[in-house]
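Read the structure below first, then the notes.
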Protein chains: 2
Amino acid sequence: MTAIRTARQRARDEVTRTIKDEARRRLAADGAAKLSLRAVARELGMVSSALYRYFPSRDELLTALIVDSYNALGDAVDEALERRADADPCARWVGVCHAARRWALAHPHEYALLYGTPVPGYAAPDDTMVPGVRLPLALTVIVREADRAGRLGPPEGGPLPDEVREDLAPLTVEQVPGLSPETLAAVLAAWAQLLGLVSTELFGQFNGAVTARERFFEHAATRLGRSVGLPPPTGERTGEPTTGSD
Amino acid sequence: MTAIRTARQRARDEVTRTIKDEARRRLAADGAAKLSLRAVARELGMVSSALYRYFPSRDELLTALIVDSYNALGDAVDEALERRADADPCARWVGVCHAARRWALAHPHEYALLYGTPVPGYAAPDDTMVPGVRLPLALTVIVREADRAGRLGPPEGGPLPDEVREDLAPLTVEQVPGLSPETLAAVLAAWAQLLGLVSTELFGQFNGAVTARERFFEHAATRLGRSVGLPPPTGERTGEPTTGSD
DNA sequence: GCTCCCGCAAGAGCACTGCTCTCGTTTATG
DNA sequence: CATAAACGAGAGCAGTGCTCTTGCGGGAGC
């Protein structure tokens with residue numbers, strides 16, 4: 001009975017997926033704030049109360065969408081990561097950053113759902129943790145593989161305060177073994193700063209100032225990669241040996 | 001009659017201020033998403049329709065709160081800027097970053113109103129532009145005064161793409177004369193990245209990873225300052241000449 | 001001083017929302 | 001076959017933003 005899953009169960013999965021699809025559509029149209037269960041139900045030709053058989057509340061529906069969105073972003077990022085598996089570390093870094101930004105621009109409301117204002121009484125359940133770290137994890141992969149290839153320098157900036165070093169120590173041994181606390185701190189900061197670049201552009205804060213957004217972002221992402229210790233692309237002399245010629 | 005403003009007008013201003021105060025209180029309590037006109041009116045002992053004599057819509061009320069919040073943040077930042085008027089440029093930079101973060105932590109919902117998910121159909125009116133640039137403007141002030149004191153190096157990272165240089169050229173002559181496009185681009189990016197650091201922490205994205213938040217932020221802010229060309233604090237040898245010994 | 005008018009608060013009402021409960025019906029299982 | 005679980009539909013509750021009408025009262029003009 002667990003093999004074929006009763007016809008009812010399959011119908012349930014089908015309806016669940018249909019609801020999520022329609023919800024995603026309405027999310028893309030109007031944003032999370034105006035996503036209404038009733039509208040989704042109306043569009044699906046059912047009555048609002050029927051939706052509660054599938055999602056106990058509106059927030060639960062949003063959680064499901066959040067997980068899906070994290071995974072969609074994660075897929076886009078991983079794809080960029082693997083497509084450039086043999087490329088220069090810096091090029092990989094910029095490629096992953098570009099993939100994240102592009103996904104955000106293509107799905108602004110979903111991005112806002114992930115990294116925008118959290119809904120008031122809502123605490124992200126653990127289900128969102130695993131897919132939520134896929135983007136920062138992709139960044140660490142680049143750095144670790146660059147390190148393994150002997151192409152990772154020390155991160156830019158001053159020495160890491162002891163308190164931060166001790167704070168990040170457990171993470172370095174559990175999650176990303178082989179990475180120095182300095183580099184991990186730099187990657188975490190770069191991740192947050194990457195989100196800042198994307199959010200600031202997407203939420204309209206650059207409106208009066210920056211118009212060459214893609215180029216501006218690329219330049220910023222490149223500097224971000226360099227700040228974590230990735231070398232400039234091989235064979236290219238940028239004319240400005242920032243991290244020294246050592 | 002324009003001098004004293006008729007008693008009616010004064011009463012109107014009084015009520016307007018009272019409404020905004022109560023709205024701000026409810027905003028701090030429940031967040032922008034659940035800010036309801038009816039609740040504000042109820043708390044004030046009036047009926048909801050009466051509020052529409054003062055604010056034509058809920059979004060207009062939010063706009064008023066946004067302007068106030070931008071100014072509150074701007075005041076906090078300017079205070080930090082002037083208190084360290086004679087300090088080291090890098091210390092000033094970090095001080096301003098700290099002031100922004102502290103204000104955000106103290107007023108999370110107001111910060112979210114400014115830099116979080118924009119409300120769906122809402123376009124920020126021009127009233128919000130001037131107070132909205134006070135934070136990035138404070139950052140440019142630090143950099144410009146450091147430059148005037150001969151203590152500003154070139155920003156870290158590769159050369160600025162021509163497209164970005166031309167894009168930012170008008171800004172450099174109109175808004176921040178005397179700043180090179182390279183530095184302006186670095187400051188704009190640093191601003192967005194600063195928002196990223198604050199938002200990521202405030203919106204709970206660091207939850208499982210970083211616990212020594214203040215120190216982590218300070219370190220990241222310091223690196224940010226260095227990335228725009230500010231020198232490390234005088235008299236301190238950090239032992240790592242990142243931007244070269246030129 | 002009197003009247004007229006306009007700003008104001010109140011209330012009813014509309015079209016929504018999330019969510020709960022009940023009521024038959026359908027479906028799967030013992 | 002019978003029983004229990006799952007299901008869709010509908011009514012209903014409390015709340016929302018917003019509009020419209022009504023009546024009151026103070027300020028302005030005669």
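Below, chain A is the first sequence line, B the second, and so on; all start at residue 1.
- If you check every strand for non-hydrogen atoms under 4.0 Å, B/Leu35 touches sugar and phosphate atoms only.
- As judged by a 4.0 angstrom heavy-atom cut-off over every strand, A/Arg58 is placed among residues touching the sugar-phosphate backbone only.
- Between A/Arg10 atom CZ and C/dA28 atom C1' the separation is 14 Å, expressed in whole Å.
- Salt bridge present: A/Arg101 and A/Glu201 bring a charged side-chain N and a carboxylate O closer than 4.0 Å.
- No hydrogens or angles were tested; on distance alone, a donor-acceptor pair under 3.5 Å links the side chain of B/Arg38 to the base of D/dG17.
- For B/Leu62 and D/dG17, the CG to C1' distance is 12 Å, given to the nearest whole Å.
- We find that CE of B/Met46 is positioned 7 Å from P of C/dA10, with the value rounded to whole Å.
- Per the geometry, CZ belonging to A/Arg42 stands 10 Å off C1' belonging to C/dA15, to the nearest Å.
- Side chain A/Arg53 to base D/dG8: a donor-acceptor pair is found below 3.5 Å.
- For the pair B/Leu44 CG and C/dC8 C1', the interatomic distance rounds to 15 Å; values are reported in whole Å.
- In terms of position on DNA chain D, the residue among A/Tyr54 and B/Ser36 whose nearest nucleotide sits closer to the 5' end is A/Tyr54.
- B/Ser48 comes within contact range of at least one nucleobase, with a heavy-atom separation under 4.0 Å.
- No side-chain donor-acceptor contact under 3.5 Å links A/Gln205 and A/Thr200.
- At a cut-off of 3.5 angstrom, the base of C/dA9 holds no donor-acceptor pair with the side chain of B/Ser49.
- Out of C/dG18, D/dC18, D/dG8, the shortest distance to the side chain of A/Tyr52 is found at C/dG18.
- One interatomic measurement links the two molecules: CZ of A/Phe55 to P of C/dT20, which rounds to 16 Å at whole-angstrom precision.
- Taking the ring centre of A/Tyr70 as origin, the terminal cationic atom of A/Arg134 falls outside the region bounded by 6.0 Å and 45° from the ring axis.
- If you take CZ of A/Arg26 and C1' of C/dT17, they are 13 Å apart, rounded to a whole angstrom.
- Side-chain atoms of A/Tyr111 and A/Ser69 include no donor-acceptor pair closer than 3.5 Å.
- If you run salt bridge (Lys or Arg N to Asp or Glu O under 4.0 Å) between A/Glu14 and each of A/Arg12, A/Arg10, A/Arg17, only A/Arg17 comes through.
- Of the side-chain N and O atoms in B/Arg12, one or more sit less than 4.0 angstrom from OP1 or OP2 of C/dC8.
- Atom CG in B/Leu51 sits roughly 9 Å away from atom P in C/dA9 (whole-Å rounding).
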